[in-house]
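The figures here come from the full heavy-atom set of this structure, side chains too, leaving out hydrogens, waters and symmetry mates. As the structure lists them, so they are numbered: ligands from 1, and atoms in each ligand from 1.
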Amino acid sequence: MRQNDVMSAIRYSIVPARPDAHLYRVSCTVADPDPAGQQFALPAWSPGSYLIREFARHVVSIRAESRGKPVAIGKLDKHTWRARPVAGPLTVVCEIYAWDLSVRGAHLDASHGFFNGPCVFLRVVGREDTACELEIQRPRGARYRNWRVATAMRRKGAPSWGFGAYAAADYDELIDHPVEIGEFALARFRAGGVPHDVAITGRQRADLPRLARDLKRVCEQHVRLFGRRAPMDRYLFLVTAVGEGYGGLEHRASTALLCSRDDLPRAGEKQTGDRYRSFLGLCSHEYFHAWNVKRIKPAAFTPYDLDRENYTTLLWAFEGITSYYDDLALVRCGLIGTQDYLELLGRIITSHLRTPGRRRQSLADSSFDAWIKYYRQDENSPNASVSYYVKGSLVALCLDLLIRDRTKGRKSLDHVMRALWRRHGAGGVGEEEIERIAEEATGLKLQRHFQAWLRSTRELPLKQLLATQGVEMELRAPESSSDRGGKRAKSEKPAGLAMLGIRVRADGDAAQVTHVLEGGAAQKAGLAAGDAIVALDGLRPGQGGLDAALARRRQGETVAIHAFRRDELLSFEARLARPAADTCVLSETGGARRVLFERWLGSGRG
Ligand SMILES: [Zn+2]
């Protein structure tokens with residue numbers, strides 16, 4: 001018998017005690033605490049979001065007691081406490097401030113409550129494998145009468161969608177089921193043999209039947225890729241709709257999503273607009289993670305070390321491959337057309353080509369340094385780093401197309417994903433394992449390509465590989481700073497801001513420089529991030545901003561720029577450069593490659 005078998009469950013309770021002050025009261029009771037003095041810790045980060053966030057900073061108060069008597073508890077480091085040794089059951093109670101309306105945070109006011117486990121649940125050090133019970137309590141007061149609870153955590157006495165007792169097999173599971181508390185709308189469908197629910201909080205008037213219908217197709221598409229049945233007993237999309245917002249965090253049986261209410265489909269609306277398409281892409285992304293990163297996971301995350309950074313070079317696969325399949329699933333299940341898909345792909349390639357940092361940082365390094373770079377972006381980020389989401393998804397694309405081409409369409413990245421799922425569905429993927437499995441599953445020698453795509457800064461062979469599946473890739477100059485690519489140019493209009501090599505945001509009458517791009521005209525002229533541009537050739541840019549003012553100018557011309565740096569007015573002379581052909585348009589060539597094209601974007605298991 002293992003020691004754990006005789007230990008009783010760790011009992012947690014959480015109550016939205018003071019919505020007015022955004023305070024949860026969370027308690028944790030250990031029946032048989034460490035005789036040397038039980039330690040408790042809050043995670044420094046949340047799985048899926050690779051930044052040290054030090055959730056302990058939101059602990060407002062903490063106290064301990066045993067059999068009704070106070071027990072001394074003190075801090076060992078920024079997120080660890082130790083209680084004085086006691087023989088009997090030990091309870092720790094803390095108040096936790098919750099005013100972070102993000103998918104990885106905790107939030108509470110009189111309209112609703114949400115929490116992501118790592119923000120609120122103390123880890124009982126040394127007892128991570130012990131079963132946990134959680135009592136979720138209703139706040140006091142008539143106004144909370146209609147509140148319900150939405151979570152994928154297993155109920156242990158609580159009624160469906162109700163307050164009461166829930167259970168988790170261990171601490172890792174306890175913190176992997178985010179919880180929404182409040183009044184929410186529900187939609188339900190079945191996919192992969194299990195029930196799926198959508199709970200939407202916030203003011204919205206979404207067409208729920210349509211949302212359920214569309215999500216069912218997306219989920220079934222992913223289930224079909226990996227097997228026949230969804231890998232969980234139920235799944236929950238927890239959606240918070242606000243005015244402007246975007247974000248998602250994956251969990252084993254649910255996802256927490258933040259969106260704009262305008263991203264949701266309206267009743268009576270038939271078409272799939274840009275915003276709804278991107279919401280479906282987000283849902284698709286997080287659902288794919290239920291396999292790729294929640295179950296197939298890096299050895300570096302098995303188990304997670306919640307005290308510090310967990311380094312891996314594999315985020316290109318766990319985020320990049322997931323990003324590749326998120327939109328791909330939408331076209332494969334027929335929610336968007338192939339032309340829409342090529343437009344989305346064109347935009348992703350455009351975004352990659354507009355990142356000079358792709359010549360500085362390899363994909364493996366981008367992943368390893370996620371903690372200090374991708375998650376801590378600053379004004380120099382586009383010049384110094386590359387996104388493991390964007391480049392990772394393009395490497396997944398290249399890999400898929402290469403495999404399809406070399407095997408004459410017999411094999412694809414789908415085969416690699418299925419092999420990974422069979423072999424590593426329970427985690428523990430070594431740093432070179434995916435490369436090995438890709439070779440085994442396809443019978444191809446891929447090492448040279450992985451070396452170039454993952455560990456060097458060489459350009460990806462996108463044009464050649466797309467051509468093998470009947471897609472032509474063309475590059476042109478941007479038309480304006482709002483031109484994201486994917487579509488043909490509307491006119492022969494010059495490129496405006498692109499000739500200057502900066503990114504700006506409007507700030508009253510001025511244009512605030514947010515980024516100065518490597519090697520561009522503005523950098524050569526001496527402009528810096530933070531400069532507030534007030535005049536071009538002595539004139540205020542006026543309506544339309546810098547973009548419109550520069551659209552009348554030609555490359556090679558010199559413009560006088562006046563800008564404030566802090567409180568000092570400076571003047572610069574910039575020689576407008578030829579705008580880079582960094583805007584991608586993809587089109588289907590048809591003809592003999594039509595069959596390959598359809599096999600790639602079609603719905604069958606290819
Ligand atoms: Zn992701």
Side-chain angles (χ1 to χ4, degrees), residues 45-51 53 102-105 116-118 152 175-178 215 218-219 221-222 225-226 231-232 235-240 245-259 263 277-298 300-302 304 309-330 344-345 347-348 351-352 363-364 366-371 373-377 385-397 399 413 417 420-421 424 427 429 434:
W45 61 286
S46 176
S49 184
Y50 309 106
L51 177 68
R53 295 182 193 274
S102 74
V103 294
R104 54 188 181 258
N116 183 33
I175 62 167
D176 200 22
H177 293 295
L215 283 179
V218 176
C219 294
Q221 180 64 40
H222 289 317
L225 175 79
F226 286 103
M232 67 297 279
Y235 192 87
L236 174 64
F237 291 90
L238 276 179
V239 185
T240 302
Y246 182 84
L249 189 61
E250 67 275 11
H251 300 280
R252 68 188 64 190
S254 60
T255 175
L257 305 169
L258 182 70
C259 71
D263 296 344
R277 193 167 66 179
S278 102
F279 177 75
L280 289 172
L282 179 64
C283 294
S284 174
H285 181 96
E286 304 306 344
Y287 194 72
F288 192 83
H289 271 317
W291 288 266
N292 198 35
V293 94
K294 293 313 301 186
R295 289 177 173 79
I296 308 168
K297 65 170 95 165
F301 294 172
T302 332
Y304 298 113
E309 294 86 348
N310 290 193
Y311 298 103
T312 175
T313 58
L314 291 177
L315 293 181
W316 74 268
F318 291 100
E319 287 303 343
I321 293 179
T322 302
S323 298
Y324 173 56
Y325 276 101
D326 60 23
D327 286 341
L328 187 60
L330 301 188
L344 290 174
L345 195 54
R347 282 196 206 158
I348 291 164
S351 143
H352 181 59
L363 197 45
S366 170
S367 168
F368 194 86
D369 274 338
W371 304 85
K373 294 202 170 178
Y374 186 80
Y375 270 91
R376 287 171 69 180
Q377 306 226 356
S385 57
V386 71
S387 160
Y388 51 80
Y389 285 87
V390 173
K391 187 174 177 185
S393 74
L394 294 178
V395 165
L397 167 75
L399 192 55
L413 187 59
M417 294 315 294
L420 257 172
W421 175 235
H424 288 292
V429 181
I434 293 176

Subject >> Set of salt bridge (charged side-chain N to carboxylate O under 4.0 Å, His left out) partners for Arg53, sequence neighbours left out >> reply: none

Original post:
Parallel under 30°, tilted from 30 to 60°, perpendicular over 60°: which one fits the rings of Phe288 and Trp291?
Top reply: tilted

Which atom name does [X] have for its N/O/S atom nearest to the Zn ion (ligand 1)?
| X | answer |
| --- | --- |
| His289 | NE2 |
| His285 | NE2 |
| Glu319 | OE1 |

Original post:
What is the distance from atom OH of Tyr388 to atom OG of Ser366, rounded to the nearest 0.5 Å?
Top reply: 6.5 Å

Original post:
What pairs with Phe301 under ring-ring contact (aromatic ring centres under 6.0 Å, His included), at least two apart in sequence or on another chain?
Top reply: Tyr50, Tyr304

